[in-house]
Structure formats: C-alpha cells, structure tokens
Amino acid sequence: MINPFSPANPAQAAKERQAVSRLRQLLREPGFLRASLFQYRRPCGKSYCRCAKSKRHYHASWYVKVSGPKGAKMKCLPKVFAEPVRLWIARYREAEGLLNAISQSHWEQVKRARR
C-alpha cells in the first residue's frame with residue numbers, strides 16, 4: 001500500500017521519529033499532571049501567631065492548581081510532595097510539546113498533499 005503522506009525530506013522524518021521515540025519514553029515513566037504548582041503565602045488565622053501582625057511572616061504553602069470544565073481546583077500539598085508533582089508537570093509539558101511537534105509534522109504533510 002502506498003502512503004500518500006510520506007515525509008518529503010529525510011530530516012523531517014528523522015525529527016518526527018525522535019519526537020515519537022521520546023514520547024514513548026515519557027509514557028513509560030509514572031506520573032503526568034496538567035496543572036500548575038506554586039507557593040502561596042497566607043496567615044494561619046491564629047491571633048497569637050506572628051503572621052497576624054505582619055504579612056512578612058505569612059506561612060508558605062505549596063499548592064497545585066488544575067483547570068477543568070467546571071472551573072479551577074486548588075489543593076494544598078505537603079512540602080514532600082512538591083518535588084514529585086513538579087516532575088509530573090514537567091513531564092506533561094514535555095509530552096505536550098512533543099505531540100505538538102508531531103502534529104506540526106503531519107500538518108506539513110497534509111499541506112503538501114495534492115488533490
């Protein structure tokens with residue numbers, strides 16, 4: 001069977017193969033998260049705590065924020081979970097970039113196709 005959408009130049013095919021290979025590697029690793037991780041400083045609410053007197057002494061907490069069809073959700077994380085969640089987010093963003101590169105490669109093939 002003839003593939004009408006074969007890549008025109010070998011360099012483009014090689015880049016696509018590399019992107020697909022890296023995407024497969026990422027998919028074998030555990031943890032993907034489409035979210036944002038940030039540190040939020042807030043008072044604890046106790047009247048005797050020093051954070052009640054000055055914003056400079058607010059307590060720092062790690063939060064993860066996920067946007068969905070029903071709006072954004074935020075969750076406070078223990079400090080030990082911040083690094084694994086940061087890794088999951090970075091892994092998701094890398095996979096998203098690779099998918100965009102593969103999609104762009106296929107889009108170029110579609111644009112070159114004749115009717």
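Since the structure is predicted, the reported quantities are computational estimates derived from the model, not experimental observations. Residue numbers count from 1 along this sequence.
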Next item on the list: Hey, could you give me the CG/CD distance between Leu23 and Glu96, rounded to the nearest 0.5 Å?
Entry: 11.5 Å
Check: Are Arg22 and Gln25 close enough that a side-chain donor and a side-chain acceptor fall under 3.5 Å?
Finding: yes
Note to self: Looking at Arg91 and Gly31, would you say the former's side chain and the latter's main chain have a donor-acceptor pair under 3.5 Å?
What the structure shows: yes
Check: How far apart are the closest heavy atoms of Lys65 and Ala72, and which atoms are they?
Finding: CE-CB, 3.5 Å
Check: Taking everything shown except Lys53 itself, do over 12 heavy atoms lie less than 6.0 Å from its NZ?
Finding: yes
Margin query: Please evaluate residues Phe81 and Arg86 with respect to the criterion side chain to side chain contact (heavy atoms under 4.5 Å, CB included), reporting the C-alpha separation (whole Å), side-chain torsions for both, the decisive distance (0.1 Å), and the verdict.
Written below: CA-CA 9 Å; Phe81 289 152; Arg86 181 178 285 125; over 6 Å; no
Next item on the list: Mind checking the CD-NE2 spacing from Glu16 to His106? Nearest 0.5 Å is all I need.
Entry: 4.0 Å
Next item on the list: Report yes if some heavy atom in the side chain of His57 is under 4.5 Å from a heavy atom in the side chain of Cys49; otherwise report no.
Entry: no
Checklist line | Steps toward side chain to side chain contact (heavy atoms under 4.5 Å, CB included) verdict (Val64, Met74) | finding: CA-CA 6 Å; Val64 63; Met74 286 180 23; over 6 Å; no
Notebook entry, point to check: Is there a path from Phe32 to Leu98 through hydrophobic residues (I, L, V, M, F, W, Y) whose side chains come within less than 4.5 Å of each other?
Noted result: yes
Checklist line | Single-linkage hydrophobic cluster Leu27~Trp88, side-chain heavy atoms < 4.5 angstrom | finding: no
Item checked: ILVMFWY network linking Val85 to Leu87, side-chain heavy atoms under 4.5 angstrom -> no
Item checked: Backbone N/O of Tyr58 and side chain of Arg41: donor-acceptor pair under 3.5 Å -> yes
Checklist line | hydrophobic_cluster_shared for Leu99 and Val20, side chain cutoff 4.5 Å | finding: yes
Check: Would Arg42 and Cys51 satisfy side chain to side chain contact (heavy atoms under 4.5 Å, CB included), going step by step from the backbone distance to the final call?
Finding: CA-CA 8 Å; Arg42 60 179 174 67; Cys51 69; over 6 Å; no
Notebook entry, point to check: Looking at Lys111 and Glu108, does any basic side-chain N land under 4.0 Å from a carboxylate oxygen?
Noted result: yes
Next item on the list: Following the transitive rule for hydrophobic clusters with a side-chain heavy-atom cut-off under 4.5 Å over Ile, Leu, Val, Met, Phe, Trp and Tyr, establish whether Tyr92 and Leu37 coincide in one cluster.
Entry: no
Note to self: Can you tell me how the ring of Tyr63 sits relative to the ring of Phe38, calling it parallel under 30°, perpendicular over 60° and tilted otherwise?
What the structure shows: parallel
Checklist line | Euclidean distance, Gln39 CD relative to Ser61 OG, rounded to 0.5 Å | finding: 8.0 Å
Notebook entry, point to check: Where the side chain of Arg50 meets the backbone of Arg56, is there a donor-acceptor pair that is under 3.5 Å apart?
Noted result: no
Notebook entry, point to check: Looking only at heavy atoms, what is the nearest atom pair of Ala35 and Val66, with distance?
Noted result: CB-CG2, 3.6 Å
